Amino acid sequence: MIALVDCNNFYASCEQIFNPLIQNKPIVVLSNNDGCVIARSNEAKMLGIKMGDPAFKNRHIFKKYSVYIFSTNFALYSDLSNRVMSILAEAIPLIEIYSIDEAFLDYSGLSEPKKHAQAIRNKVMQQTGISVSIGIANTKTLAKVANRIAKKEVKSGIFHLHCQDEIRDSLKKLPISKLWGVGRRYSQKLELYGIRTAYELTQRSNSWIQRNMSIVGLKMVKELRGIPCFQLETAFQWKKSIRISRTFREGIHLFSVLTQAMSTYAFMCGAKLRKQRSCAGTITIFIITNPFKHECHVNYKGILTIYLETPTNDSLKIVSAAISGLRSIYRRDCIYKKAGVIVSGIVPQSQVQLSTFDDIKDLDRRHRLMQAVDAVNESYGQMKICLGINGFEQKWKLKQEYLSPRYTTRMDELLKIRT
DNA sequence: TCTGGGGTCCTAGGACCC
DNA sequence: TCTGGGGTCCTAGGACCC
């Protein structure tokens with residue numbers, strides 16, 4: 001038996017705790033640059049403000065109903081999260097902290113799970129002021145379903161989903177898109193096959209499910225049928241990738257501004273790496289143009305993966321690798337990869353060495369590639385620059401060749417598409 | 001005018017070797 | 001010179017989560 005504890009409207013609740021004036025008021029928390037709504041209080045939800053909606057679409061609602069608006073304060077949220085999690089861990093040591101506001105608890109062998117959950121819920125409220133919903137069931141996926149019911153339909157905020165009839169009925173009521181593990185793509189696909197509820201999905205054969213949704217989808221459906229497939233991950237996990245990425249408020253047209261930003265983010269990545277005592281084996285940098293800007297008919301991504309000869313967590317080395325990578329994208333010392341995506345190269349000892357256009361013997365082809373990259377360069381940095389670092393757990397190695405034949409094949413395909 | 005940031009995992013298909 | 005089956009490794013891309 002597993003319990004899923006989920007904090008209600010977590011970021012919004014955190015803001016409310018320290019400000020009595022905004023209790024029971026509509027409040028929203030906005031993302032970086034005040035772009036999107038990423039948390040809402042119940043009152044804000046009732047005004048029809050949607051999760052993930054761009055803030056500008058809701059400005060009139062904010063004004064009309066005097067909605068309180070906050071920018072994110074992650075220091076506050078993670079501090080409160082830690083407090084909640086330690087209360088949970090005190091009650092049940094076998095705990096998987098699933099996200100900043102959610103945890104799975106091992107409830108096996110508990111004779112009165114609902115009573116226990118009630119005690120936890122009270123304690124968290126009493127000691128932190130955060131209200132939580134708790135769903136209890138035999139598998140993680142069913143606990144998710146139970147939690148949804150606890151949050152929406154039950155006053156006590158606690159729901160134990162165990163008898164077969166009840167499970168069947170709740171799955172019949174659950175729209176397929178709301179199921180844990182079914183996102184936008186899968187729900188579109190499943191609806192094409194006439195599957196609208198979680199129950200209808202459980203009626204499909206195992207082979208059909210695996211064919212269409214991979215092994216992960218099959219595990220999820222088995223869990224809906226009551227067979228545990230996802231274990232509780234109670235051990236601490238090192239991060240396998242670390243990333244800093246930002247969207248700019250305005251388009252960026254100066255290379256110097258890009259390098260400045262890239263340095264900052266690279267430096268921050270280094271700090272995060274050192275904090276968990278890891279080293280990066282590869283560094284990936286990428287830049288994306290504004291996907292919502294319609295006048296530029298193609299949107300571009302510039303991606304460069306740098307394979308470090310020696311894994312490192314030295315911020316200065318990471319910064320210099322990132323900057324030389326960025327410069328090489330900018331100088332177009334690189335190979336166009338496929339529509340909207342450029343470059344992948346190898347950087348021994350932080351020196352960018354990429355294949356250049358000179359390597360392309362076919363003059364016509366070379367010309368078309370250069371045109372394509374020009375188009376990319378022109379639209380650079382209009383909106384987004386990202387720096388990610390990953391792979392420090394993976395085997396690192398210095399590649400002997402700049403480009404594999406396979407890569408070239410894909411470029412040929414691309415050229416077919418573009419011409 | 002204004003659309004987030006940080007993660008994980010699986011799979012198909014090519015490279016390469018025997 | 002041509003053909004081939006089987007295995008492993010790697011990576012790009014696609015899916016998902018909060």
Side-chain angles (χ1 to χ4, degrees), chain A residues 4 6-7 9-11 28-39 50-60 62 71-72 74 77-78 81 97-104 140-141 144 147 177-190 210-220 230 233 237-251 265 268-269 272 282 284 286 288 290-294 299 301 303 305 307 337-338 340-341 344 383-391 393-397 399-401 403-410 413-414:
Chain A
L4 172 62
D6 188 319
C7 302
N9 315 330
F10 185 57
Y11 296 170
V28 293
V29 179
L30 303 183
S31 63
N32 177 41
N33 288 336
D34 293 344
C36 285
V37 175
I38 56 171
K50 299 260 177 348
M51 183 73 169
D53 243 13
F56 72 87
K57 276 192 189 168
N58 288 293
R59 288 288 174 204
H60 62 287
F62 294 167
S71 298
T72 49
F74 279 105
Y77 310 152
S78 65
S81 171
I97 298 172
Y98 180 69
S99 73
I100 193 162
D101 69 336
E102 274 175 84
F104 290 101
K140 279 181 161 180
T141 311
K144 273 273 182 188
N147 190 281
S177 63
K178 304 293 182 193
L179 186 58
W180 189 48
V182 174
R184 190 168 49 89
R185 295 296 182 134
Y186 279 157
S187 60
Q188 279 173 0
K189 183 174 175 178
L190 293 172
Q210 179 158 1
R211 198 164 60 245
N212 287 283
M213 304 179 70
S214 89
I215 188 71
V216 186
L218 180 58
K219 284 182 178 175
M220 175 196 73
F230 300 123
E233 314 237 338
Q237 307 246 336
W238 300 99
K239 293 239 182 308
K240 293 170 183 165
S241 71
I242 283 174
R243 163 194 308 225
I244 302 282
S245 67
R246 289 292 179 278
T247 299
F248 293 118
R249 189 185 284 270
E250 287 161 358
Y265 305 149
M268 289 159 75
C269 272
K272 282 193 177 186
T282 67
T284 302
F286 58 104
I288 305 169
N290 188 343
F292 298 101
K293 208 159 186 175
H294 296 302
N299 285 298
K301 286 192 259 183
I303 302 177
T305 299
Y307 297 81
K337 202 177 82 188
K338 75 174 221 190
V341 181
S344 182
M383 165 180 171
K384 198 164 194 171
I385 177 169
C386 309
L387 177 133
I389 295 198
N390 54 36
E393 290 270 302
Q394 296 163 9
K395 250 187 312 183
W396 55 276
K397 77 177 191 192
K399 295 244 173 148
Q400 298 302 310
E401 295 166 328
L403 289 170
S404 63
R406 169 185 166 205
Y407 218 62
T408 324
T409 314
R410 295 204 174 180
E413 284 168 12
L414 157 73

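Lettering follows sequence order; numbering is per chain, from 1. Since the structure is predicted, the reported quantities are computational estimates derived from the model, not experimental observations.
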Return the nearest nucleotide to the side chain of [X]; candidates are [options].
X         : options                  : result
Ser241(A) : dT8(B), dG5(B), dC10(B)  : dT8(B)
Arg246(A) : dC17(C), dG6(B), dG7(B)  : dG6(B)
Phe56(A)  : dT11(B), dT3(B), dC18(C) : dT3(B)
Cys36(A)  : dT3(B), dC18(C), dG5(B)  : dT3(B)
Pro54(A)  : dT3(B), dG5(B), dC10(B)  : dT3(B)
Val216(A) : dC10(B), dG6(B), dA15(C) : dC10(B)
Ile215(A) : dG5(B), dC10(B), dC18(C) : dC10(B)
Ser214(A) : dG4(B), dC10(B), dG7(B)  : dC10(B)
Lys272(A) : dG7(B), dC10(B), dG5(B)  : dG7(B)
Ser245(A) : dG4(B), dT8(B), dG5(B)   : dG5(B)

Could you check whether [X] gets within reach of a base, just the sugar-phosphate, or nothing at all, counting any heavy atom under 4.0 Å?
X         : value
Lys189(A) : nothing
Arg184(A) : sugar-phosphate
Asp101(A) : sugar-phosphate
Tyr186(A) : sugar-phosphate
Ile97(A)  : nothing

(message) Return the OH to CD1 distance between Tyr11(A) and Ile38(A), rounded to the nearest 0.5 Å.
(response) 5.5 Å
(request) State the CE-SG distance between Met51(A) and Cys36(A), to the nearest 0.5 angstrom. (result) 9.5 Å
(request) Quote, to the nearest angstrom, the C1' distance that separates dC17(B) from dG4(C). (result) 14 Å
(message) Please tell me whether Trp180(A) and Tyr186(A) form a close aromatic pair, meaning their ring centres lie under 6.0 Å apart.
(response) no
(message) Under 6.0 Å between ring centres: does that hold for Phe104(A) and Phe230(A)?
(response) no
Gap between atoms [atom1] and [atom2], on [X] and [N] respectively (whole Å):
X         : N       : atom1 : atom2 : result
Tyr265(A) : dG6(B)  : OH    : P     : 9 Å
Asn9(A)   : dC18(C) : CG    : C1'   : 14 Å
Arg211(A) : dA15(C) : CZ    : P     : 17 Å
Asn58(A)  : dT3(B)  : CG    : P     : 14 Å
Leu218(A) : dC10(B) : CG    : P     : 13 Å
Tyr98(A)  : dG7(B)  : OH    : C1'   : 10 Å
Gln188(A) : dA15(C) : CD    : C1'   : 13 Å
Gln210(A) : dA12(B) : CD    : C1'   : 14 Å

(request) Check the pair Asp34(A), Ser71(A) against side-chain hydrogen bond (donor to acceptor under 3.5 Å, both in side chains), reporting the backbone distance first and the verdict last. (result) CA-CA 6 Å; Asp34(A) 293 344; Ser71(A) 298; 2.9 Å; yes
(message) With a 4.5 Å cut-off on side-chain heavy atoms, are Ile244(A) and Lys272(A) touching?
(response) yes
(request) Using a strict 4.0 Å threshold on nitrogen-to-oxygen distance, state whether Lys144(A) and Glu102(A) make a salt bridge. (result) yes
(message) Looking at Arg211(A), I'd like to know if its CZ atom is crowded, meaning that more than 12 non-hydrogen atoms belonging to other residues, nucleotides or ligands lie closer than 6.0 Å.
(response) yes
(request) Can you tell me which stems involve DNA chain C, if a stem is defined as three or more consecutive Watson-Crick or G-U wobble pairs, both distances under 3.5 Å? (result) B:5-18 with C:5-18
